[in-house]
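Read the structure below first, then the notes.
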Amino acid sequence: MGPAAPAASTRVLALLGDPVAHSLSPVFQNAAIAALGLDAVYVAIRCDATAVGPLIRAFARSGGAGNVTVPHKHPAAECIQLPTPAVRRTGACNTFWQEHGELCGDNTDIEGVRHAAALLLPDLAGSRSLILGAGGAATAAACALMDAGAAGITVLNRSPDRAFALQARLDGERRVIGVAISTLQLQDASFDLVVNATSAGLRAGDALPLDLATLGSCAAALDLVYEPGGLTPFVRHARSLGIRASDGTEMLIGQGAAAFRRWFDAEPPLDVMRRALSA
Ligand code: NAP
């Protein structure tokens, strides 16, 4: 069992973003911290872009660490002294800590997508995927799919300019990313995996980002939006067409577990994290 309440020695980990009140990270990170009996506490702090750098430095220098969420992952990357390759690839940082006096940062969203996608399709080598969206989560998804050996990745975004920017950012690694500028281009196309990396589905009444029935075929669908119970509108839609689908809960756990390893150099209890999210 962990400490009953934070003490003077307690290490403070913070999630920085705006908004943060909806975040489930404190729920499953504190459950994992308690299960391992660590003297630490994880809190969420709403802050604006000007405060994110000073807060990251202050927490890290005082022995703390933490996560960064929308819209601050790019400003966070700017203030990191030792970025991982994941931060350099994406230009975004979602995890920070201090090591030997230096401020370190990682983007564990890539690991989160890899973890979630592997549960749906264990072998993504040679796969063809469609990513809906072109923001931070879509960039992490593209990196994860490239790392898994994807043969082709098509990006479709409401604003095509952002899809071309994503392609340009990662094109130097492997030229497997293409851009679709309209759903008409996707009619009858076949994909092993469709990833919803848009924010569509976060609010009740949001239109679906794509009618999957218009595709030629789709073996599996991964929604990065998460919802307690796992039945987001996109997951419900996919399953109604007989497509294997899951929401972003496992991505949340995967990125959080990778962050936990950076902070504590310990293996996080995934089952405890899952149980905390389903309670
Ligand atoms: P972001 O950088 O702000 O990008 C948002 C993307 O969604 C953009 O491509 C945007 O298109 C698109 N979009 C927004 N509203 C839309 C709508 N109504 N219809 C179609 N497209 C729409 O945000 P992000 O960080 O990539 O996050 C995207 C989603 O991933 C969010 O739902 C977030 O909750 C989820 N996420 C989940 C996890 C997890 O652990 N499960 C982690 C990170 C993110 P435009 O470019 O045209 O604006």
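Order of listing sets the numbers, starting from 1, for every ligand and every atom in it.
Side-chain contact between D18 and P71 is present, with heavy atoms from C-beta onward closer than 4.5 Å. Counting heavy atoms from C-beta on, the side chains of C104 and Q81 never come closer than 4.5 Å. Between F260 and E267 there is no side-chain heavy-atom pair separated by less than 4.5 Å. Taking the side chain as every heavy atom from C-beta outward, Y226 and T232 never approach each other to under 4.5 Å.
Atoms of ligand 1 lying under 4.0 Å from at least one heavy atom of V225, given by number and element, are 32 (O). The atoms of ligand 1 that sit less than 4.0 Å from any heavy atom of G133 are 9 (O). Taking every heavy atom of G248 and a limit of under 4.0 angstrom, the matching atoms of ligand 1 come to 41 (N). Under a 4.0 Å criterion applied to the non-hydrogen atoms of V70, ligand 1 contributes the atoms 25 (O).
There is a protein heavy atom closer than 4.0 angstrom to atom 29 (C) of ligand 1.
No side-chain donor-acceptor contact under 3.5 Å links S159 to the backbone of D161. Using modelled atom types, one side-chain atom of Q29 and one backbone atom of G256 make a donor-acceptor pair closer than 3.5 Å.
The shortest N or O to N or O distance between A134 and ligand 1 is below 3.5 Å. Of the N or O atoms in D109, none lie within a sub-3.5 Å distance of an N or O in ligand 1. When only interatomic distances are considered, the shortest N/O to N/O separation between N157 and ligand 1 falls below 3.5 Å.
For atom 12 (C) of ligand 1, the nearest protein heavy atom (residue, atom name, distance) is T198 CB, 3.8 Å. Among protein heavy atoms, the minimum distance from atom 36 (N) of ligand 1 is reached at L224 O, 3.9 Å. Here the heavy atom of the protein found nearest to atom 39 (C) of ligand 1 is M251 SD, 3.6 Å. The nearest heavy-atom contact from the protein to atom 2 (O) of ligand 1 is G136 N, 3.1 Å. Of the protein's non-hydrogen atoms, the one nearest atom 5 (C) of ligand 1 is S199 OG, 3.4 Å. Among protein heavy atoms, atom 47 (O) of ligand 1 sits closest to S159 OG, 2.4 Å. Protein heavy atom at the shortest distance from atom 4 (O) of ligand 1 is G135 CA, 3.6 Å. Among all protein heavy atoms, the one lying closest to atom 48 (O) of ligand 1 is R158 NH2, 2.8 Å.
At a heavy-atom distance under 4.0 Å, only backbone atoms of A197 (N, CA, C or O) approach ligand 1.
Among K73, E250, H22, R162, the residue whose heavy atom sits closest to atom 3 (O) of ligand 1 is R162. For the residues G254, G112, A137, the heavy atom positioned nearest atom 27 (O) of ligand 1 is part of A137.
Counted within 6.0 Å of CZ on R46, heavy atoms from surrounding residues, nucleotides or ligands total 12 or fewer; the atom is thus considered open.
Screening L193, I131, L130, L170 against I153 for a side chain to side chain contact (heavy atoms under 4.5 Å, CB included) leaves a single residue, I131.
Under 4.0 Å is where a charged nitrogen must lie from a carboxylate oxygen, and between R114 and D109 no such pair does. In summary, D192 and R128 do not engage in a salt bridge, as defined by a charged side-chain N under 4.0 Å from a carboxylate O.
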Q.
Pair D48, T50 - check side-chain hydrogen bond (donor to acceptor under 3.5 Å, both in side chains), show working.
A. CA-CA 6 Å; D48 65 25; T50 60; 2.7 Å; yes
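Residues V225 and L132 do not share a hydrophobic cluster, defined by chaining ILVMFWY side chains whose heavy atoms lie under 4.5 Å apart.
Within the 4.0 Å heavy-atom shell around ligand 1 one does not find D206.
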